[in-house]
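Since the structure is predicted, the reported quantities are computational estimates derived from the model, not experimental observations.
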Amino acid sequence: MIAAAATLAATVVGLPSPATLTADVDGSGDLATLTANVATGWAQALDAPSIAWDVRVKLAGAWVPRSALVGAVTWSRSLDSHRTEVRFGLPGAEYSILATLTTWTLTPVELWAAQGPDGDEAEELVFRGWVRPGTTQDSAEGGAEPVLQVVADDVGPYAAAELCHEMEPFAGLTRAEIAEQLAADVGLTQVRTPGPGAVYAKPIFTDRAGLFGYLAELGEPEGWHWRLVPDPAGPGLILEAYTAELAEAPRPPDWIWTPRSWEALSIEAPSTVPSRYIVRGTSAVSYDEAGLRVETQRTEIRQIYAPRVSPQRQNTSGGLDDTGLTPLGEALRLVSVIESEISTRGELEVSNVTREWAWVNPAAARLRTPNLLEGLGPAEGGYHYTSCWVDSEGNTVSLPMEAFALVGERRDVPAYDLDGQLVGRRIEERRWHRRRMAVRQTGDTDPTVIGAGVGGDDASYEVFEAGVGRIEAYGLAAAHDVAYGYEPTSGAVLSETQDTWGWGTPRAAIDAANPYYVNADGRGMFTLQSIWQVLQSKSIANTLTDDGLLSGIVEILSAFDVYVVITGNNDWGDFRSHEAVESLRPVERKNILYRRFGESQVEVTTFGGDGQAPTTQILAGRLPIPRYQLSPWTVLRQEPLELVLDDPELAALFGFRRETLSLDHIQTLDEALAVATRRRRRAAAPLVKITRPETRARIGDTVLLLDPAHALAHRGLVVDQLVRRDPASGAATGEYTLEVYPLG
Amino acid sequence: MTNLPAVPAEAFLDGDHLAVPADSWTITRQVARTLRTSAGLATREQRLRPLAGRPEPVCQRRFSLAWRHLGSSRDTVEELLAVPGEHRLVLWRPEILAWRADGVATEWTLPGRWLLSTDTVTPPAGLSPDRFHPAVKVTRTGTPLTYVSKTAVDYAAGSPAAGEVWFLEDGSSFKLAAAPTAGEYVFASIVPAYPVWYQEAGAKALTHPLREPLDLVLVEAGETA
């Protein structure tokens, strides 16, 4: 059991001084109960039956004597404006426009108000701002002392400040963080919001908008209203967003007003109330939200075409036998199908595949090397004849007739890092291809390699189907690996490497001293068969200007090569070299230099790789732009959204009326709905205007209004407030406008 | 209060005796106080807080007198008012003022730039100045304190003994021996020399070129802070 009484010092938000909270805790039951009383003297200071008040004005850091204030001092605020406006009159030549600058230029003004029952008065800073430039000084009739009306507000130097701010889409900033950045641009470093707000995915272009107008639109989907409040800890102002929602029952109202509270009341009913709200905006979509999309395109070509047949077939003695196959008659036939399949996610390409179908008859070898148990064959050089087919063009082929089949596929797959940046791509090509294969070892005179066939071009290749000597296979024939390196600040491509893979083997010397292999065409081969390896490599290095444009390119191509030496140690057949095998080495280097030449011309100098004199061209235009990193701007997609909110009840009451709102800062339908609902509610709200002694009620407070004579038993939201304190009469009057929502 | 004069004394303007009984004057007060009335005749009081050290109520006085009452003093008055600036009016009439104590302050100030009448003129008709000295007491039922007038030097250097109130000679301040409890009121009955301005009457009142307007109007100068 816990029973304790405690006195806690609590700072109640909005009160200038700490309030006292006295609490009793009763822990005797299942649940502990806290009964608390908050000393509300300050809050009720203006509502006491007899109050004394004071109002003091500090102009340019100096107190204005009370005797120098003429007429009433007023200040006004509104839910629909961020601005607090203060007015007071100053008499005499001392404050004249021609005598001082303080009364009509941006001069700091503070307004301090004290109020309360005798002995319990509290003074607070109700306004901090600047004189609004421009005023008039009038003399009353008869040349009496002139009075200068000073108007001050708290936007002062920020009023005309234009924003120049750009934020990329998907920056991950909340509305509060964006507001902080925008406010800091004009010098308001302290920003307070009720919460962080939603993450704003769309880009921000302020485009010379004013701060407060921009923030009003930005914050509307959150229900934020803005005001400037004096910083209690320093000389500045805090930009504060607040929400103003009517406190519905059972929540207690902030205040209860009855006819005993006010002196005059009027109720103004709305006349033009929209019954249909159309809210238009856009929402930002990123790849992830867009989903995977596959676009397929298929092209079919039909022609008058007759598939080729093979009228002859080679026999093992090298003769040609008639097959009796007669050519098909010409007809309109499908001769080619090209199918492309592009997969994207948002703006990001995931893959790009192209396939082609056509009539094909893979090539066959005319001759083949003997196998293990055979001796040398009857053909010249000791080869055996294959049983290949010979088509009507005389080509050695592997099928009696052309077949309609897949002949090629190109698969391009970009590679991205976790940020969605393109870091490389791999392009694979599948098609009918040949792989070179040797027929003998260096030093041998007869074909000693098993499984090679000699094609129509007299070169030897790997045989894939021994019976007909097929030397072409469908499969991976080439691949290109491309990798990009980016410059971190500008995002421009700094380097690019392209490796080309394929079936091949370095060429080698053919003299007997070297343990290599020889193809049927007489060229040396480093290995017996082609192997899958890098055949060529290209590296491109960009040099960039400070602003990320190209100032030069160095392009180096590496391939298998050998240096020819006339008196070389090794015989390569058609030349000699000191080297025995080709190696992968730079074979070509190209430098391109771009120079800005005048305002709109570029000099392009190309240094070739083969010792040629550089060539220079002058081109119109600017420095070329390299490839750039993916920017959030380029992957942004904005999808229009539209919300139509119909209210048949309001249409019946006020007639049909449409209001179209184009709101740039809504992101979702939920936000559009929230905005439309709030606007609809306010538009249909009667306004209750009350003149009464000044009270503590503030903008956004909920007041329960009770007056049977006006059929008032409603809660109202304070939306406008004007306070007038008149030192001559001692009267402190408030004019309050409240919205009530009888229509829901 | 105890020191009402036994006989109506005649007014003094700028130290000159006016052959006009003080009760011929009309005194109008504008008080910075509003009674607000709402439905059901619910009333609330709002008033301007006095400046620090100043008494309740915050008000301004207008003194008016029909020129015809001036009689033989008329030329004197016209001469006095021909000189611009602040004038001093003594009506030998006590004003009751109240200062709210905060538990700390021991010194207070008369409203506006009031002076004590006895500091500026000698009471007429051989009346004792004692009759017109301030009567000060702490709380309404307190014992009246002894009035002591001090020169600026003495006033600044010392402090009153218990039961005394020191007034600054030719000044507007007074101080007590000890600070009264916070929330208590210090009451004083003061016969002041009002600082006043002469308010020119409007042209409409001049019905005849040789005749002065009906009323001579003097307006209290009021606070300067």
Per-residue contact mode, A:Ser261 against chain B (heavy atom under 4.5 angstrom): backbone
Presence of salt bridge, B:Glu56 and B:Arg100, under 4.0 angstrom: no
Note, A:Leu101 side chain near A:Thr107 side chain (heavy atom, < 4.5 Å): no
Proximity breakdown for A:Trp53 and chain B, heavy-atom pairs closer than 4.5 Å: both
Validation row: B:Asp14, B:Val83 side chains within 4.5 angstrom (heavy atoms): no
Which portion of A:Pro49 sits near chain B, non-hydrogen atoms under 4.5 angstrom: backbone
Selection from B:Arg49, B:Glu45, B:Gln60 maximising heavy-atom pairs under 4.5 Å formed with chain A: B:Arg49
Sub-6.0 Å ring centroid separation between B:Trp114 and B:Tyr194: yes
